[in-house]
Amino acid sequence: MSDNDVERWVTDELYWDPKLDSNAIAVSANDGEVTLRGTVGSFHEKRDAEKTARRVSGVRTVTNDLKVRLLTEHGRDDADIRGAVLRALHFDSRIPETIDARVDDGWVTLTGTAEWQYQREEADDLAGKVLGVLGVDDQIDLTHTEPGAGDVQEAIRKAFKRNAKIDADDLSVDSHDGTVVLTGSVSSWAEHDEALTAAWAAPGVTGVDDYLEVDN
């Protein structure tokens with residue numbers, strides 16, 4: 001697929017998503033590496049644009065250079081944003097009370113601890129949806145007990161084989177000190193994300209080094 005085809009497909013996909021103002025987003029592609037530029041009205045929209053681009057066939061990587069420019073009526077001071085983020089975290093039963101947030105010039109930094117990656121991801125996602133947020137820096141530490149490296153590797157390999165969306169034969173798993181290293185190739189970003197989710201779900205995993213290549 002040519003770069004022009006990738007650019008056109010990504011542009012069409014952005015236009016197809018009613019949550020996005022595609023007219024404000026410029027798309028360029030170089031050998032499957034897509035770059036998004038322009039201005040959007042919220043951090044949540046910036047994230048959605050990247051997710052939309054990644055699901056297009058032929059896209060290998062996405063560089064998100066979109067700028068967030070809030071409408072005047074959506075501007076909030078840092079204390080107001082922090083209060084809204086903490087309320088959102090509090091009312092989600094999946095997020096532990098050990099997670100805190102601070103805000104500087106609209107940028108949210110999440111701190112504290114969680115037992116599982118899905119809790120960290122949920123907190124990051126919720127914070128990014130709060131009106132007035134310009135960005136999120138996730139510094140939450142994972143704290144669950146680390147099992148043996150062999151146990152982690154075998155558990156992840158079995159999870160890959162159970163998952164119909166993952167071709168386990170093309171992936172390699174290694175682990176050390178709670179960090180999992182994934183290598184190999186996948187056929188799409190959807191398969192890539194499934195593999196990362198499976199790796200993070202293994203007990204004792206506190207980090208995932210992602211060296212998977214998207215070959216579509």
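Given the structure is predicted, the values throughout are model-derived calculations rather than measurements.
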Counterpart residues, side chain to side chain donor-acceptor pair (under 3.5 Å), relative to R102 (two or more places apart): none

Measure the NZ-CD1 distance between K161 and I166 for me, rounded to the nearest 0.5 Å. 11.5 Å

Within-4.5 Å side-chain heavy-atom neighbours: W107 and L134: yes

Contact between D31 and R60 at the side-chain level, heavy atoms closer than 4.5 Å - yes or no? yes

With a 3.5 Å cut-off and sequence neighbours excluded, list the donor-acceptor pairs that the side chains of residues 200-210 form with protein atoms.
| from | atom 1 | to | atom 2 | distance (Å) |
| --- | --- | --- | --- | --- |
| T206 | OG1 | G178 | O | 3.4 |
| D210 | OD1 | L212 | N | 3.0 |
| D210 | OD2 | H192 | NE2 | 2.6 |

Note, V68 side chain near V40 side chain (heavy atom, < 4.5 Å): yes

Search all heavy atoms of V108 against all heavy atoms of I81 and return the closest pair with its distance. CG2-CG2, 4.2 Å

Quick check: closest heavy atoms across A127 and V133, and the distance to 0.1 Å? O-CG2, 3.4 Å

With side chains defined as the heavy atoms from C-beta onward, is the minimum distance between L182 and L171 less than 4.5 Å? no

Any side-chain heavy atom of F160 sitting closer than 4.5 Å to one from R157? no

Got a sec, which hydrophobics cluster with Y15, joining ILVMFWY side chains under 4.5 Å apart, including via others? none

For S2, the side chain to side chain contact (heavy atoms under 4.5 Å, CB included) test, sequence neighbours excluded, returns N4, D5

Hey, could you give me each pair passing side-chain hydrogen bond (donor to acceptor under 3.5 Å, both in side chains) that has a residue in residues 120-134? Not counting sequence neighbours. R47-D124, R94-E122, Q117-R120, Q117-E121, D125-K129

More than 12 non-hydrogen atoms from neighbouring residues, nucleotides or ligands closer than 6.0 Å to CD on E213, yes or no? no

Flag yes if more than 12 heavy atoms outside R69 fall under 6.0 Å of its CZ atom; otherwise flag no. no

Compare every heavy atom of A101 with every heavy atom of L110, then report the nearest pair and how far apart it is. CD2-CB, 3.9 Å

List, by chain and number, the other hydrophobic cluster members for Y211, where Ile, Leu, Val, Met, Phe, Trp and Tyr join if side-chain heavy atoms come within less than 4.5 Å, directly or indirectly. V181

From CD (E97) to CG (L86), nearest 0.5 Å: 9.5 Å

Would you kindly say whether T52 and D17 are connected by a side-chain donor-acceptor distance under 3.5 Å? yes

V85 side chain reached by L126 side chain, heavy atoms, under 4.5 Å: no

